[in-house]
Amino acid sequence: MNKVAFFDTKPYDKLYFDELKNEYGIEIEYFESKLSPRTAVMAKGAKAVVAFVNDDLGKETISVLKEIGVEIIALRCAGYNNVDLNAAREVIPVVRVPEYSPHAVAEHALALLLTLVRKTHKAYIRTRDFNFSLNGFVGFDLHGKTLGVIGTGKIGMAFIEICRGIGMNVIAYDPYPSQGYLEYVSLEELFARSDVISLHCPLTSSTYHIINSFSLKMMKDKVFILNTSRGALIDTEALIEGIKSGKVGGAGLDVYEEESEFFYEDLSESILKDDTLSRLIMMPNVLVTSHQAFLTHEALRRIAEITLGNLKAYFDGEKLENEIVAKRKVLRSE
Ligand code: NAI
């Protein structure tokens, strides 16, 4: 059996990979540690590593992996901004799971939006305390409001379909517009017209801090911002200023630019060392979830199937359908 080293393992990962691994002829050694230049050596003896969103796949890690004989990196996620593609190019193949359940992420974006708009997170706490007052709970109808979607790929389109279902008017920005009826506008126009802005583009050199103090100035007062994509799409300090000034009416964040040290860990017994994250969490109109938009049974099963399928294809010498190919030298990891 081909051995693979699995990093940043959580119990729910094991459940789905263990169910399928024999079918694919793969032996898995699970590590709870995140992959980094320091931990990479733990993969010695494995032909592949399986990594996730907050694993460090920078130049140094890739060099250690290559040195100890790892032949392939299999990401069990869609985004690959944590991989130094320049360092990997012609050194080690990198495969990913381009699509598992766009619905899982889109439905989570809706959960964030509805919760913020109707304040159900606060109502839950209030009624548990037998406090049935409605003071402070006035929300607004999403029906008839304008949703601006940045990035109309698989997840962006799934979110658009949902929001059209509740009667929102949709506008979008994407440098590669998709076919079919959708009103594409410039980024500036999207900022100016949207009541709700949802980010569904990848993190690249051109999308880094796409929400910043300059773009916030262009937006409507009390705009709602959703980010289920990657944390560094938003300049967090600028967002906090926007919330404090009332420019931003609410923010639903499943991702955070400095999340890798905190998300997926139980830190309830410690003092959070990140003041920016603390401030965000304390704000009454901010909802932070810890990169959980993908976390459904359906998505986890597909992730396991596709990751194991990618590895089997490599071990069988077949074409790697889901290889990330850097056709040119990239400025940042895209
Ligand atoms: P996709 O590749 O299907 O769509 C991305 C879209 O963004 C494409 O249409 C592309 O043309 C567009 N795009 C590229 N550059 C852009 C730019 N500068 N401005 C605006 N749009 C741009 O990807 P998919 O599957 O829809 O995923 C989107 C993102 O969601 C991923 O990159 C990943 O970061 C994030 N994600 C988050 C998850 C979570 O659990 N929170 C789970 C899965 C993905």
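Keep in mind that this is a model prediction, so the values were computed, not measured. Read the numbers this way: they start at 1 and go in the same order the structure lists the ligands and their atoms.
Taking only nitrogen or oxygen atoms, main chain and side chain alike, I155 reaches within less than 3.5 Å of ligand 1.
In H200, the part holding a heavy atom less than 4.0 Å from any atom of ligand 1 is the backbone. Contacts between T152 and ligand 1 below 4.0 angstrom, taking non-hydrogen atoms only, involve the backbone exclusively. When non-hydrogen atoms are compared, ligand 1 lies under 4.0 Å from neither the backbone nor the side chain of F159.
In this structure, the side chains of K119 and R126 stay at 4.5 Å or more apart for every pair of heavy atoms. H291 is listed as a side-chain neighbour of V53, based on a closest heavy-atom distance under 4.5 Å. For the pair S198 and L147, the minimum side-chain heavy-atom distance is below 4.5 Å. Here the side chains of I211 and N227 are not in contact, with every heavy-atom distance at 4.5 Å or above.
When every heavy atom of P93 is checked against every heavy atom of L320, the shortest pair comes out as CB-CD1, 4.1 Å.
Taking atom 37 (C) of ligand 1 as the reference point, the nearest protein heavy-atom neighbour is T228 O, 3.1 Å. Nearest protein neighbour of atom 43 (C) of ligand 1, counting heavy atoms only, is Y100 OH, 3.0 Å. Given atom 12 (C) of ligand 1, the protein heavy atom at minimum distance is D174 OD2, 3.1 Å. The single protein non-hydrogen atom nearest to atom 18 (N) of ligand 1 is T207 CG2, 3.1 Å, given as residue, atom name and distance. For atom 30 (O) of ligand 1, the closest non-hydrogen atom of the protein is S229 OG, 3.3 Å. Closest to atom 40 (O) of ligand 1 among all protein heavy atoms lies F294 N, 3.2 Å.
Atom 7 (O) of ligand 1 has its nearest heavy-atom neighbour, among A158, P202, G153, A299, in P202. Of the listed residues (M157, K154, H291), the one carrying the non-hydrogen atom nearest atom 2 (O) of ligand 1 is K154.
Heavy-atom proximity to A293, at under 4.0 Å, picks out these atoms of ligand 1: 39 (C), 40 (O), 41 (N). Remark: ligand 1 atoms within the under-4.0 Å shell around heavy atoms of D254 are 39 (C), 40 (O), 41 (N). The contact set between ligand 1 and S206, taken as ligand atoms under 4.0 Å from a residue heavy atom, comprises 18 (N). Close approach to I150 involves these atoms of ligand 1, each under 4.0 Å from a residue heavy atom: 20 (C). The ligand atoms of ligand 1 that sit less than 4.0 angstrom from a heavy atom of Y173 are 19 (N), 20 (C).
With a 6.0 Å radius and a threshold of 12 heavy atoms from other residues, nucleotides or ligands, K312 has its NZ atom at or below the threshold.
For the ligand labelled ligand 1, residue V105 lies inside the 4.0 Å heavy-atom shell. Residue contact check for ligand 1: R230 places a non-hydrogen atom closer than 4.0 Å to it. At a 4.0 Å cut-off, at least one heavy atom of P175 sits close enough to ligand 1 to count as contact.
Electrostatic pairing of K10 and E265 counts as a salt bridge here, judged by a charged N lying under 4.0 Å from a carboxylate O.
A single hydrophobic cluster is seen to contain both L142 and V149, as judged by linkage of ILVMFWY side chains at heavy-atom distances under 4.5 Å, directly or through other members.
None of V94, I92, D84, V83 except one satisfies the side-chain contact (heavy atoms from CB on, under 4.5 Å) rule with L57; the exception is V83.
The OG1 atom of T236 lies 8.0 Å from the CG atom of L253; values are rounded to the nearest 0.5 Å. Here the CZ atom belonging to F7 is positioned 13.5 Å from the CG atom belonging to D13, to the nearest 0.5 angstrom.
The aromatic rings of H297 and Y16 sit tilted, their planes meeting at an angle between 30° and 60°.
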